[in-house]
Asker: 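Input: one structure, supplied below.
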Amino acid sequence: MVTARITVNGKEAPIAPAAPHTTVLDFLRERGLTGTKEGCAEGECGACSVLVARPGVSKPTDWVPVNACLVPVAALDGQEVVTSEGLATVEAPGTPPVLHPVQEEMAVRGGSQCGYCTPGFVCSMAAEYYRPDRCAHAGQGSDPAEGADGVAGTDPEHGPNGFDLHALSGNLCRCTGYRPIRDAAFAVGVPTDEDPLARRREQDPPAPVATEYRQDDSAFLRRGTLAETLRLLRERPDAVVVAGSTDWGVEVNIRSRRADCVVAVDRLPELRELRVESDHVEIGAALTLTEIERRLDGTVPLLGQLFPQFASRLIRNGATLGGNLGTGSPIGDSPPVLLALEASLVLADADGEREVPLAEYFTGYRQSVRRPGELIRAVRLPLPLSPVTAFHKIAKRRFDDISSVAVAFALDIGGGTVRKARIGLGGVAATPVRALATEAALEGRPWTAETAEAAAGVLRGEGTPMSDHRASADYRSAMLGQSLLKLHAQTTEAVPS
Ligand SMILES: Cc1cc2nc3c(=O)[nH]c(=O)nc-3n(C[C@H](O)[C@H](O)[C@H](O)COP(=O)(O)OP(=O)(O)OC[C@H]3O[C@@H](n4cnc5c(N)ncnc54)[C@H](O)[C@@H]3O)c2cc1C
Ligand code: FES
Ligand code: FES
C-alpha cells in the first residue's frame with residue numbers, strides 16, 4: 001500500500017499518524033506551520049486559507065485558495081499545498097525571507113494590525129495575484145494604490161490591476177479595517193517570469209491518487225474511477241460520501257460527527273465533465289462552483305446570477321452542485337435555480353444510471369429518491385433556456401449569508417405575453433419547491449403590472465413558510481410577492497413587446 005503523502009511548501013510529508021478526520025488546518029499547525037490560523041472552524045472567516053494546486057481553467061494549473069478548516073488532510077493525498085509561510089522566499093541560507101509581493105503590499109499599506117487574519121488574506125490575495133485572466137488584463141491605471149474609485153475603466157469591486165475584490169469575500173478582519181487591505185489588493189502587480197508559483201501554473205496539476213488511508217478504526221478512501229467508487233459504496237452502504245467537504249467539514253468540527261468510512265468523490269473524472277450539447281448542458285456533480293462559473297462563462301445566465309450570491313469565493317472553490325443537492329437542505333441556493341431551469345439529475349449506482357427530474361427528487365425534509373449507494377453524477381439542463389431569468393436571495397447580508405428565502409425565475413415572454421414560467425423556491429417548505437400555482441397564474445397572460453400584481457398575490461401563498469431566527473413566516477411570504485414585483489419592474493423595459 002502506498003503511504004498517503006502531501007506536499008506542503010515544496011516538501012513532501014506523510015499524512016500519518018493524523019486521524020482520517022483531521023483537517024488540513026490541524027495537520028499544518030501540528031507540523032509547526034502556525035501561520036494558518038483557526039478563527040471559526042466553520043468556513044466563515046478565512047483565517048485558515050491555503051493554496052492548493054488544482055486543474056486550471058486557462059492554464060494547466062490554478063492556485064486555488066480553500067478553507068483548510070473544512071478539508072480533511074487525507075483528501076489532499078498526492079496534492080500540493082502552499083501556506084503563507086511558503087509564499088515568502090529565502091534567497092540565501094541564513095538571510096531573512098523576502099516577502100511575497102502580496103505580503104509586501106499588505107505590510108507597506110498597513111493592511112495588518114493584530115495579524116490574526118493576515119495569513120488567510122495573503123493566501124486569498126495570492127490566488128487572485130496568480131489568476132491568469134487577471135494577469136492578462138492587469139496594468140491599466142497609473143496609481144493602483146489610489147484604489148478603484150474614480151479610476152477610469154474600473155468599478156468599486158475591481159482594481160485597476162484587474163483584482164476582483166470578491167476574491168477576498170471569504171476573509172474577515174476585525175481590527176484593521178478593509179480600506180488598507182483593499183489598497184494592498186489594488187496595488188499588486190503581475191508575477192514575473194521567474195516567480196516559481198507563476199511558473200508552476202504552466203505544468204500539469206498533481207493527478208488525483210487512489211487513497212486507502214486508515215488509522216485505528218476509521219478510513220478515508222478514494223478510488224480512481226466511478227465504477228470502482230460505486231462498487232465500494234455497494235460494499236460500504238454506511239460510508240459518508242464527501243466532495244468539497246464544505247458541509248461535511250462543519251459537521252465534523254462543530255457537531256463532532258465522525259464516520260468509520262469516508263469516500264471521496266471530488267476528483268472522479270466522470271463527475272467532473274462539463275458539456276454543452278445542442279439540446280442540453282450537462283454539469284458534473286463534482287465540479288466546484290468556481291469551475292462551473294468560469295467554464296460556463298455566462299452560457300447559463302441564471303447560474304451566473306446564483307454564483308456570486310452563493311457563500312464566498314473560498315467556499316465556492318470547494319463546494320459542488322452534488323454536495324449542495326446531496327445535503328437535501330431546503331435552504332440550499334442551487335435547488336431553486338435548478339428547478340427554474342427544469343434540471344434533471346443523473347443518478348448512478350453499481351447497476352447503472354437513471355435520470356430523475358429535480359422536481360421529483362426531494363421527498364421530504366433532507367429526504368430524496370436517491371438510494372443508498374447511489375451518487376449524483378451530473379446535473380442536466382435542457383436547452384433552449386428561457387430568456388428572462390432572475391435569482392433573488394433574501395438574506396440578512398448581501399454576500400456570504402444563508403438565505404431566508406430564495407426565488408429563481410425563468411420566463412419566456414414573447415409578444416408581451418408570458419409563454420412559459422418556471423419558478424423555484426427555497427426556504428418556504430420542508431423541501432425546495434416549484435411555485436406551480438404562480439406559474440399557472442402567469443402563463444398565457446400579458447406581462448403587465450396587473451398580471452404581476454395578481455401573480456405576486458398567488459406567490460405569497462405558495463409553500464408553508466416557517467418563522468425562525470432568520471425570518472418570520474409573514475416576512476418570507478411578503479418577500480416572495482416582492483420578488484415577482486421586482487422582476488416585473490426590472491424586466492418590463494427589456495422585454496420585446
Ligand atoms: C461558510 C459557509 C457558507 C455557505 N454558504 C452557502 C450558501 O450561500 N448557499 C448554499 O446553498 N450553501 C452554502 N453552504 C453550504 C455548502 O457550501 C454547500 O451545500 C455546498 O454546495 C456543499 O458542497 P460540497 O461539495 O462541499 O459538499 P460535501 O460537504 O462534500 O457534501 C455534502 C453532502 O452531500 C453529499 N454528496 C456530495 N457529493 C455528492 C454526490 N456527487 N452524490 C451524492 N451525494 C453527494 C455528501 O454525502 C454530504 O452528505 C455554505 C457552507 C459554509 C461552510
Ligand atoms: S477557521 Fe474560519 S474559515 Fe477556517
Ligand atoms: S489584523 Fe486583526 S483581525 Fe485582521
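Note that ligands are numbered from 1 as they come in the structure, with each ligand's atoms numbered from 1 the same way. One-based numbering along the sequence shown.
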Asker: Under 4.0 Å between a Lys/Arg side-chain N and an Asp/Glu carboxylate O for R109 and E104?
Answerer: no

Asker: Got the closest protein heavy atom to atom 19 (O) of ligand 1, with its distance?
Answerer: D247 OD2, 2.5 Å

Asker: Using a 4.0 Å heavy-atom cut-off, say whether A41 meets ligand 2 through its side chain, its backbone, both or neither.
Answerer: backbone

Asker: So, C48 and atom 4 (Fe) of ligand 2: N/O/S under 2.8 Å, yes or no?
Answerer: yes

Asker: Short N/O distance, under 3.5 Å, between V265 and ligand 1?
Answerer: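 In fact, backbone or side chain, V265 has no N or O that close.
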
Asker: Please verify the inter-ring angle class for Y178 with F121; under 30° counts as parallel, over 60° as perpendicular, anything in between as tilted.
Answerer: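 Ring orientation of Y178 relative to F121: tilted.
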
Asker: With atoms numbered from 1 as shown, which atoms in ligand 3 lie under 4.0 angstrom from a non-hydrogen atom of T176?
Answerer: 1 (S)

Asker: Polar-atom distance check: E44 versus ligand 1, any N or O pair below 3.5 Å?
Answerer: no

Asker: Using 2.8 Å as a strict upper limit, say whether an N, O or S atom of C173 approaches atom 4 (Fe) of ligand 3 that closely.
Answerer: yes

Asker: As a check for students: among A311, S245, G244, identify the option with a heavy atom nearest to atom 8 (O) of ligand 1.
Answerer: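 Nearest heavy atom to atom 8 (O) of ligand 1 lies in A311.
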
Asker: Mark the output for A286 as yes if a heavy-atom distance to ligand 1 is under 4.0 Å, and as no if none is.
Answerer: no

Asker: Does at least one non-hydrogen atom of R377 fall below 4.0 angstrom from an atom of ligand 1?
Answerer: no

Asker: Going by the order shown, which atoms of ligand 1 are within less than 4.0 Å of some heavy atom of W248?
Answerer: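 Near W248, the atoms of ligand 1 are 29 (O).
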
Asker: Atoms of ligand 3 less than 4.0 Å from R174 heavy atoms?
Answerer: 3 (S), 4 (Fe)

Asker: Which residue owns the protein heavy atom closest to atom 27 (O) of ligand 1, what's the atom, and how far is it?
Answerer: G323 CA, 3.4 Å

Asker: So which heavy atom in the protein is nearest atom 2 (Fe) of ligand 3, and how far is it from that ligand atom?
Answerer: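 Answer, as residue, atom name and distance: C175 SG, 2.2 Å.
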
Asker: Strictly under 2.8 Å, is atom 4 (Fe) of ligand 2 approached by any N, O or S atom of C40?
Answerer: no

Asker: May I ask you to check if ligand 1 and E374 share an N or O to N or O distance below 3.5 Å?
Answerer: no

Asker: Regarding atom 26 (O) of ligand 1: of the candidates T246, L289, T229, which has the closest heavy atom?
Answerer: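 Of the listed residues, T246 has the closest heavy atom.
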
Asker: Got the closest protein heavy atom to atom 42 (N) of ligand 1, with its distance?
Answerer: I376 N, 2.9 Å

Asker: Can we say R231 and E228 salt-bridge, meaning some charged N sits less than 4.0 Å from an Asp/Glu carboxylate O?
Answerer: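 No, R231 and E228 are not salt-bridged.
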
Asker: What atoms in ligand 1 come closer than 4.0 Å to a heavy atom of G43?
Answerer: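 Those of ligand 1 that fall under 4.0 Å from G43 are 1 (C).
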
Asker: With a cut-off of 4.0 Å, which atoms of ligand 1 are near a heavy atom of N324?
Answerer: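 Checking each atom against N324, I get 10 (C), 11 (O), 12 (N), 18 (C), 19 (O), 21 (O), 22 (C), 23 (O).
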
Asker: Going by the closest heavy atom to atom 33 (C) of ligand 1, which one wins out of N253, T320, T327?
Answerer: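 It is T327 that holds the nearest heavy atom.
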
Asker: Got the closest protein heavy atom to atom 14 (N) of ligand 1, with its distance?
Answerer: F310 CE2, 4.4 Å

Asker: Less than 6.0 angstrom separating the ring centers of F186 and H158, yes or no?
Answerer: no

Asker: In terms of residue, atom name and distance, what is the protein heavy atom nearest to atom 11 (O) of ligand 1?
Answerer: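 Scanning the protein heavy atoms, the shortest distance from atom 11 (O) of ligand 1 goes to D333 N, 2.7 Å.
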
Asker: Report the part of L321 (side chain from C-beta onward, or backbone N, CA, C, O) that has a heavy atom under 4.0 Å from ligand 1; answer both or neither where that applies.
Answerer: neither

Asker: Pick whichever of C117, C45, S112, G110 has a heavy atom sitting closest to atom 4 (Fe) of ligand 3.
Answerer: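 It is C117 whose heavy atom sits nearest to atom 4 (Fe) of ligand 3.
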
Asker: For atom 48 (C) of ligand 1, what is the nearest protein heavy atom, given as residue, atom name and distance?
Answerer: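 For atom 48 (C) of ligand 1, the nearest protein heavy atom is V241 O, 3.7 Å.
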
Asker: What atoms in ligand 1 come closer than 4.0 Å to a heavy atom of I315?
Answerer: 1 (C), 2 (C), 17 (O), 52 (C), 53 (C)

Asker: Which residue and atom name correspond to the protein heavy atom nearest atom 45 (C) of ligand 1, and how close is it?
Answerer: G322 O, 3.7 Å

Asker: In the protein, what heavy atom is nearest to atom 35 (C) of ligand 1, and what distance, to one decimal place, separates them?
Answerer: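 Nearest neighbour among protein heavy atoms for atom 35 (C) of ligand 1, to 0.1 Å: G326 CA, 3.9 Å.
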
Asker: Does at least one non-hydrogen atom of K393 fall below 4.0 angstrom from an atom of ligand 1?
Answerer: yes

Asker: Among all protein heavy atoms, pick the one closest to atom 3 (S) of ligand 2 and tell me residue, atom and distance.
Answerer: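 Protein heavy atom at minimum distance: G46 N, 3.1 Å.
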
Asker: Is any side-chain heavy atom of T118 closer than 4.5 Å to one of M106?
Answerer: yes

Asker: Of all the heavy atoms in V240, does at least one lie under 4.0 Å from an atom in ligand 1?
Answerer: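 Heavy atoms of V240 never come under 4.0 Å of ligand 1.
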
Asker: Under 4.0 Å from any heavy atom of L375, which atoms of ligand 1 are there?
Answerer: 42 (N)

